[in-house]
Amino acid sequence: FDPAEVCIYERLLPFCPHKYDHCNGIDCYGHYACYDNVYCIPWYMFCDGITDCPFEDDELYCKNKTLACPGKLKCRVNDTMICVPQKYVCDGLIHCQFGDDEDLCFLECPPDCICIGHMYVCENLGLLHIPFHDKKCKAIYFSRNNVHDLSLDQFTEMIYLDLSWNNIFLIQPFSFIKLSQLHHLDMSFNRLTSLVKNSFKGLKYLRSLKLHNNPVLVLGSHSFSDVSMINSLILQSLSIERLNDFSFQGLLSVEALNLAQNKIKHVSEKSFHGLIKLQFLNLSSNPIKIVHILIFKNLNQLKIIHID
């Protein structure tokens, strides 16, 4: 008999107990093997809240949320965990609780771009605006274009955004307010001259922010409001001349801050206020002339300072 057909239990088909009498020790390649190898079940039935194996092992350890899915799609889940093999992805049937396995199947690709799953790659095309074709887009690689203004409200599910090597000179307050899922933002090698209050408002889950090689002169107070999950911030090789009070307010998780190779002359008393986890601070290669005596007050975790 063909074990690929006989020893795989599908919930939607009638259950025949004697059908699996010869399945002990069977290789369940591409499927989950129930305890003692009595039969196999598809991965989308594993940890889905319904018991399918005789010893209930397909649901026994699901609440620890440590399920790995090598070579398979791991569904977004609440209380259950499901792995979906590639052959069940984009098969017209929803196997994931939130339909993840069908979401990426019909993503419309902008002209001249390359699209892979939820990702747009539109690099070095001379584009003036980020094309919007599908709100389900999760990642955009848009470097080396000619974008001037940010219009991003429609990308509500964006996780990764690369806008490096464009011509962006200003981030308006609340420009990213609708991108609450964004994890990575690269705006290096643009023409930013200042960061104003609420420039990054709404980016509560941002983990990586690249701003280097911009001619930034001014860091406004509360520029980084809401950016509470970044643990390292590189502001090296900008043109910052002065650090104002509360310039870094909101960066609750930053442990390393690099301000080297700027033009900083003045550091006010509360410039670093709010950096409660800061351990490493680099102020080297700056023509600093005025440093307030209380500048490092309340930086209780600070271990290393590099300064000329």
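The chain is numbered in sequence order, starting from 1. Worth saying up front: this structure is predicted, and the values here are computed from it rather than measured.
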Stepwise, does the ring-ring contact (aromatic ring centres under 6.0 Å, His included) test hold for His212 with Phe189?
CA-CA 7 Å; His212 58 84; Phe189 296 96; 5.4 Å; yes

Criterion side-chain contact (heavy atoms from CB on, under 4.5 Å) on Leu281 and Phe272, from CA distance to verdict
CA-CA 10 Å; Leu281 176 61; Phe272 301 116; 3.9 Å; yes

Please test Glu56 against Thr51 for side chain to side chain donor-acceptor pair (under 3.5 Å), starting from the C-alpha separation and ending with a verdict.
CA-CA 6 Å; Glu56 302 182 359; Thr51 300; 4.9 Å; no

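Cluster annotation: Phe246 and Leu275 are assigned to distinct hydrophobic clusters (Ile/Leu/Val/Met/Phe/Trp/Tyr, side-chain heavy-atom contacts under 4.5 Å, transitive). Both Met187 and Val147 are part of a single hydrophobic cluster, where members link through side-chain heavy atoms under 4.5 Å apart. The cluster map of Ile, Leu, Val, Met, Phe, Trp and Tyr, joined by side-chain heavy atoms under 4.5 Å apart, puts Ile240 and Ile168 in the same cluster. Placement of Tyr141 and Leu128 in two distinct hydrophobic clusters is found when ILVMFWY residues are connected by side-chain heavy-atom separations under 4.5 Å, directly or transitively. There is a path of hydrophobic side-chain contacts, each under 4.5 Å, that joins Ile288 to Val216.
In summary, the side chains of Asn213 and Ser188 do not present any donor paired with an acceptor at a separation below 3.5 Å, with no hydrogens or angles considered. Using a 3.5 Å distance cut-off with no hydrogens or angles, the side chains of Ser285 and Gln261 do not pair a donor with an acceptor. No donor-acceptor contact under 3.5 angstrom links the side chains of Glu255 and Asn231, judged on distance only. Using modelled atom types and a 3.5 Å distance limit, the side chains of Asn146 and Asn167 yield a donor-acceptor pair.
The shortest side-chain heavy-atom distance between Ile234 and Leu211 does not fall under the 4.5 Å cut-off. You'll find the side chain of Gln249 reaches within 4.5 Å of the side chain of His273, heavy atoms only. No side-chain heavy atom of Ser228 sits under 4.5 Å from any side-chain heavy atom of Leu251. For the pair Val121/Cys113, no side-chain contact is recorded, criterion being any heavy-atom separation below 4.5 Å from C-beta on. Put simply, the side chain of Val227 does not reach to within 4.5 Å of the side chain of Leu252, judged on heavy atoms. The shortest side-chain heavy-atom distance between Phe155 and Ile140 falls under the 4.5 Å cut-off.
One N or O on the side chain of Asn286 and one on the backbone of Ile264 form a donor-acceptor pair closer than 3.5 Å. Counting only distance, with no hydrogens or angles, the side chain of Ser223 and the backbone of Asn198 share no donor-acceptor pair below 3.5 Å.
Here the shortest heavy-atom pairing between Asp186 and Lys210 reads OD1-CB, 3.5 Å.
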Identify every side-chain donor-acceptor pair in residues 169-178 under 3.5 Å, counting partners at least two apart or on other chains, and give the distances.
unit_1	atom_1	unit_2	atom_2	d
Ser175	OG	Gln172	N	3.2
Ser175	OG	Gln172	O	2.6

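Applying the side chain to side chain donor-acceptor pair (under 3.5 Å) rule to Gln279 yields the partners Lys303; only residues at least two apart in sequence or on another chain are considered. Not counting sequence neighbours, Asp226 has no partner by the side chain to side chain donor-acceptor pair (under 3.5 Å) test.
Salt-bridge check for Glu123 with Arg144: failed, with every basic side-chain N at 4.0 Å or more from each acidic carboxylate O.
Each of Tyr205, Phe248, Phe224 was checked for a ring pair (Phe, Tyr, Trp, His ring centres under 6.0 Å) with Phe200, and the lone residue meeting it is Phe224.
Less than 2.5 Å separates the SG atom of Cys23 from that of Cys7.
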